[in-house]
Amino acid sequence: MSDRLSRLFNLIPPLGLLLFTLVVGRSQLVAQDQKTPANNTGKELLKIYYGIRTCGGAGCHGEEKPRFDETDPQLCRFNELTSWEKHDKHADAYKVLLGERGRQMLKLLNIDLKVPSQARACLTCHGVIPEEGAKQVKFAVEEGVSCVICHGSYGEWVEKHISPLSKEEFRALSRKEKYLRFGMTDLWDPLTRSKLCVSCHIGNVAEGKVVTHDMYAAGHPPLPGFEMANFCKMMPAHWEETSKKDPRLQKLLGHDGKTQEQAKLVLVGAAVSLADYLHLVVAQVEQCKKEMDEEKKVLDWASFDCWSCHHDLKSPSWRQTRGYAGKPGRVPMKTWPAELVRVALDHLGEDKNEFEARWSKVQTAFVAKQFGDLDQILATARPLMEWSNQLAVRLNQSTVDRTTAEKLLVRLRQVPTTIPDYDSARQIGWAFEAIWKEHSPNRELPVAFKAMSAELGLELPLGRMGKDSDGVIVRELARHLKRINDYEPAAFLKQLRGLTSPSK
Amino acid sequence: MSRLVVPMGMLLVVVVATAWPRVADVVAQPSSESFDHGQLRTLGVGSCASMACHHGNGARGAVGSEYSTWIAVDPHAKAYRVLFNPESLRMQEALAKHNPKMARFSGAHQNPLCLSCHGMGVGVPEALQADGAGCERCHGSGEKWKSTHYLPGFDRTTSPGFKDLRTNLVVRAEVCMPCHVGQGEQQVDHELIAAGHPRLRFEYAGYYASYPRHWGAEHRGIVDDEFRSWLIGQLTSAKTSLELLAFRAGNASGEWPEFAEYNCSACHQNLKAASPGKPTSLPWGTWYHDLLPALAETRPGTSGNQAELLARLEQLKTTVSRRLPSRAKVREEALASAASLDGWRNQIQNQCPDAAQIRAVLAVLARQEKLADTWDGGTQLYLSLAALHASLVGLKDDTSTLRDPLVRMRQELLRAYPAGRRPLYDSPVDYSPESARQALRQLRQRLE
C-alpha cells in the first residue's frame, strides 16, 4: 500500500509539468507515418526547453541510487540526473566558461557571454541556444549540456512519458515512434547517438559548433580524436547498457539479446566520425569559397592535423620515417577518423581498396598546395562523406555479436599499414578496450594494453569542476599534451603486438 | 682567432655544423654584381692542387698549402660526400616521392638542388661535382684568372671571376650567403627541412671564427677585423634573406607561404597547457632581423635612413605574418628593405671603432632582453656579443670581467638541448629565457 502511495506521490511533480505543458501549448502530434525525424521539423512539435530540475523530481531521475522493481521494471534507473550532476563533465560545460581558463579565453577572443551574437560561438556546444520563441521551463543555459539537449527538447515526449494517462502507452511504443512522433531522441540507436555527440566533439558548421585556431590559441583544450564507446563510458554513462537490462526491457527496446552494443557503437561511431569530420571540412571549404577577404579564403588552421606542426622537433623523426601524404612540409589533414573505418570495412567483409583510394585523394587534396586545394577538397571529400554516411547505415544494420567481437579483437591487433599518429593509435586502443570489456567483462585486459593505455592516456579525465577554477580537462591538460609530444609509434606498435585475445 | 672561439665553444660547433657542407656559387637570381661570375668555366680543385701551387703539404694554413689544409680539415671538402649518407638518401627519396622532377635523379648526388650547394654548382660538369664546395666556389670560377693570379701585377679587383676575399670584407661575407642563407632556387625551404635537412641558421661572424683557415699570418694583406666582419655579416645576412624572401614571394610556382621563413618554434613546439595567447599569425624575422633595431641603436653608421628601414621592416613583419600574406606586397616591401640594408652596409663597411665605442655597442646589445625570449633571439645576441668580445680582445682591451657572463649565456643556450638531442635538427626544448636574461643583466652590470 505504502508503495502504491509513494508512487502516487511520485506523480506530483510530473503532473505539474504536464499541466504546464498542456497550458503552454496544445500537443500537435506528428503523423505516425512521417519519415522525417521530428526534430528536423521543429514547427510540427512543440519546442520546450526544460531545465534539469524538471527532470529531477522525486520519483523521476533525481534519486540518489539506481532503483529497479522486479514487478514493475522501468527503462530508467531513476538516478540519471544525480549521476550526471555528480560526475558528468557535461554539467560543467557552461561553468568552465567562467573558470580561470574560460575567462581568459573570453577576454582574448573579445566575447561577452551576455551578448548573444558573441556568446553563440561558445554556447552552441557549452550549453544550448534556445530557439527563438520556444518555451522554457525552469531552463537555464548555465546548466550546460543538460538533459534535453541530448534527449530532445520537445514538449510531447516529456509530457507523454510522465503523464499517468499516457506513460504506459508511451513506454510500449518503439524507439522509432517515440522519436518520430514525439521527438524523444533515440539515443539507443548508435547512429543517432553518434551523430549527436560528434556535432560538438568533431564540429558542425551549420549548427555553429566550430572550434577555431583562434580559440585554441586563446586556450581551448585541443579536441581529441573521438571514439564513441569510450567517450560515452567516460562521461560517465548515467544509463545502463541494454544488454544488462531485464529481458522485458530489452524486448521493449528491441534488443535481440545477442548484439554487442559497445562493439557496434565503436564501428558505427567510426563511420560517423569520418563522415562528420568530412562534413565539417566540406562546410568550411564552402565558407572559404564565399569569402571576399583573401586571407579568409584559406581553411582555418584548426581544420588540419594539430600535431603535424605542434611537436618538439626531434631526430630521428618517426614522421620522416613514415613519409608524407604529399610534398614534405605541407600541413596535412587529421588522419585518425580513417583508422577504425578500415576495421569496420573488414568487419563487413568489404573491399578496402575503394576506401583507401578515396581517402588518399582527400589527403592529397589537403596537401596539393599549402593549406589545401579547396576545389580538390570539395571534389574528393564530399563523395567520401556520403560514402561514409552510407557505411554508417550498413554498419548499424550489421550483426555484431560475440563472434564478431572476437574477430574485431583479432583484427585490431593487426599492425596498421602506415605508422599511426597519436590520435590514430588512440582509436585502436579505445576500440580494443571497449570491445574487450563488453565481451569479457571479468577478464583483465592484457598487460601490454595497460602500458598502451598509460602512454596514450586512454583513460579520459573524470569528474566535475568542484571548487577548482578550471574543469578537469584543463587541469589534466599539461599531462595530456606531454603524452602527445612524447608519443613514439614504435612503443605503441610493440604494445599492439603484445595484445592477446580474451580466450587466451 | 682562438680567443673568439673559446667563449663560443660548443655552441658554434653546433651552429656551424648546420651549414658546413653548403658553400656554393650563384645558381640563379644573383643579387649582387660582385658576386656574379656569369658563365665563366669552373675548373675544379684539381687545377689548384698541384704541389707547386696550393698542395704543398706544409703546416696547416701555410702559404702554398691552402689546398692541403682544405682537403684535410675543411668540412666544405666533404660537402659532396654527405650526399651519400643514409640521411641524404632518405631525403632524396622523400623529395622524389611526390615530385616527378626530383624523381628523375637516382640520388641526392645527381639532384641539382643538392649540388647547388653540396657540389661545385649547377652547370658545372658532373665530373667536378665530387670536389664538394671547392676552391672556386668562394674564390670565383678560374677560367680567366687561373693562369694569371700568381703573376706580378695581377689586379685582384678587376679580374673577371676573381673574388677579392683578402681585403674586401663585403665580398668575403657575400660568398657564403647563397648556400648558408639561400639565393633564388638555391635554398633550404620547408620541404627540404621536412624531408630531413637541418634548418639553416647562419651567423657570419660565428661561422667565420670557427672556420678552419687555410691561410695564416704569412699570407700578406689579409684584412681581419672582427667588429667589421660581424656588422657586415649581420647586414649582409639580413639583406640576403630579404632578397630570398622577395624571390619566394615572386616565384608563382613556389610554395607560399614558405614556412622556412618563420620561426620554427612558433609552430614546432610541444604546446604548453598554460600558455594561451593570441597568435594565429606566423612570427617572422626572428633569426635575421630581430637584432637590426639594436644595431641601429648602436649607430655604428650615422644616417637617418635606419629609422626608415626599421619602420619598413616592421611593416614587412606585419605583412609576412599574416595567415596568407600577399605575395606582391611582400616582394615589394622585402626588396625595398633589402635596398635600404645595402645602403646601411655601404655606410659602415669601412668604419673601425675603438674599444670604447665597441663597449658602447656591447652595452646596447646587453640591454636587448626581449630578444632572449626565444632561443633564436638569445643565440643571435650571444653570437654578436661573442664577436664584439673578440674584437675587444683584438684591441688588447681588458675583457676579463666580461667573460663570465658570456660563458654563462653560452651554457644556457646549450642547456636548451638535453642529452641525446641533436641540435642540428631538434628543438631547444629546455631553453630558459630567464636564465639567458640573467646572464645579460650580469654582462650589463660588468659593462657599467
Side-chain angles (χ1 to χ4, degrees), chain A residues 101 104-105 107-110 212-222 293-302 306-317 319-321 323-331 364 367 369-371 470 474-482 484-486, chain B residues 86-87 90-91 93-99 102 189-199 253-260 264-282 322-327 329 417-418 420-430:
Chain A
R101 172 66 57 114
Q104 193 173 20
M105 281 187 66
K107 195 174 157 199
L108 286 166
L109 296 166
N110 280 323
T212 62
H213 193 265
D214 279 347
M215 291 180 180
Y216 286 132
H220 195 291
D293 179 354
E294 279 297 320
E295 194 160 75
K296 288 182 178 162
K297 283 184 182 171
V298 287
L299 275 172
D300 185 67
W301 293 344
C306 311
W307 316 117
S308 287
C309 298
H310 294 305
H311 59 270
D312 282 331
L313 299 174
K314 56 185 167 190
S315 55
S317 147
R319 289 179 176 89
Q320 284 171 351
T321 310
Y324 303 100
K327 196 171 163 182
R330 286 192 181 146
V331 193
T364 307
V367 289
K369 60 181 202 179
Q370 199 60 282
F371 303 139
D470 277 317
V474 169
R475 293 200 317 264
E476 286 292 318
L477 194 54
R479 252 182 292 229
H480 176 54
L481 294 172
K482 186 173 184 319
I484 298 173
N485 197 53
D486 292 348
Chain B
E87 271 149 337
R90 205 171 50 232
M91 282 171 59
E93 205 179 310
L95 295 175
K97 195 174 165 196
H98 302 285
N99 186 341
M102 299 278 186
D189 57 11
H190 193 251
E191 179 187 8
L192 203 49
I193 298 170
H197 197 284
R199 170 197 171 198
S253 61
E255 201 76 350
W256 194 255
E258 170 48 56
F259 288 157
C264 308
S265 308
C267 299
H268 291 305
Q269 56 163 315
N270 175 21
L271 297 180
K272 305 291 183 296
S275 61
K278 205 182 176 185
T280 311
S281 64
L282 294 160
R322 288 174 68 95
R323 209 178 290 198
L324 192 66
S326 152
R327 280 181 182 264
K329 227 173 144 208
Y417 293 95
R421 291 285 182 140
R422 300 165 73 200
L424 286 182
Y425 302 90
D426 300 351
S427 301
V429 287
D430 287 345

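Computed from a prediction, not measured in an experiment: that's the story for all the values here. Letters A, B, ... mirror the listed sequences (proteins, then strands); counts begin at 1.
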K.L.:
Counting only non-hydrogen atoms closer than 4.5 Å, does B/Pro257 touch chain A with its backbone (N, CA, C, O), its side chain (CB onward), both, or neither?
P.N.:
both

K.L.:
Is the backbone of B/Ala194 close enough, under 3.5 Å, to the side chain of A/Tyr324 for a donor and an acceptor to pair up by distance?
P.N.:
yes

K.L.:
Is it the case that the side chain of A/Glu294 and the backbone of B/Ser326 share a donor-acceptor pair, with hydrogens and angles ignored and the cut-off at 3.5 Å?
P.N.:
no

K.L.:
List in chain and number order the residues that pass side chain to side chain contact (heavy atoms under 4.5 Å, CB included) with A/Val298, two or more places apart in sequence or in another chain; answer none if no residue qualifies.
P.N.:
A/Phe371, B/Arg323, B/Leu324

K.L.:
With a 4.5 angstrom heavy-atom cut-off, could you sort out which part of B/Asn270 is near chain A: side chain, backbone, both or neither?
P.N.:
both

K.L.:
Who wins among B/Arg422, B/His190, B/Glu191 for the most heavy-atom pairs under 4.5 Å with chain A?
P.N.:
B/Glu191

K.L.:
Are A/Lys369 and B/Glu255 within salt-bridge range, i.e. N to O under 4.0 Å?
P.N.:
no

K.L.:
Between A/His310 and B/His268, is a ring pair (Phe, Tyr, Trp, His ring centres under 6.0 Å) present by the stated rule, with each step listed?
P.N.:
CA-CA 5 Å; A/His310 294 305; B/His268 291 305; 8.3 Å; no

K.L.:
Nearest 0.5 Å, please: how far is OG in A/Ser315 from CD in B/Glu87?
P.N.:
7.5 Å

K.L.:
Side chain of B/His98, backbone of A/Gly326: donor and acceptor closer than 3.5 Å?
P.N.:
yes

K.L.:
Around A/Lys297, counting heavy atoms of other residues, nucleotides and ligands shown, do more than 12 lie under 6.0 Å from its NZ?
P.N.:
yes

K.L.:
Please list, chain by chain and in numerical order, all residues satisfying salt bridge (charged side-chain N to carboxylate O under 4.0 Å, His left out) with A/Arg475, sequence neighbours excluded.
P.N.:
A/Asp468

K.L.:
Considering non-hydrogen atoms only, spot the tightest contact between B/Ala94 and A/Pro328 and give its length.
P.N.:
O-CG, 3.7 Å

K.L.:
Using non-hydrogen atoms and a 4.5 Å limit, figure out which bit of A/Ser317 sits close to chain B: side chain, backbone, both or neither.
P.N.:
neither

K.L.:
Indicate the atoms forming the closest heavy-atom contact of A/Leu481 with B/Leu271, along with that distance.
P.N.:
CD1-O, 3.3 Å

K.L.:
Among the options B/Asp426, B/Ile193, B/Asp189, B/Leu95, pick out the one with the most heavy-atom pairs lying under 4.5 Å from chain A.
P.N.:
B/Asp426

K.L.:
With chain B, which of A/Arg319, A/Gln320, A/His220 has the greatest number of heavy-atom pairs at distances under 4.5 Å?
P.N.:
A/Gln320

K.L.:
Rounded to the nearest 0.5 Å, how far apart are NZ of B/Lys97 and NZ of A/Lys327?
P.N.:
15.5 Å

K.L.:
May I ask you to name which of A/His311, A/His480, A/Arg479 has the most heavy-atom pairs under 4.5 Å with chain B?
P.N.:
A/His311

K.L.:
Would you mind checking which part of B/Phe259 comes under 4.5 Å of any heavy atom in chain A, side chain (CB onward), backbone (N, CA, C, O), both or neither?
P.N.:
side chain

K.L.:
Mark yes or no for whether B/Ser427, through its side chain, and A/Leu313, through its backbone, hold a donor-acceptor pair below 3.5 Å.
P.N.:
yes

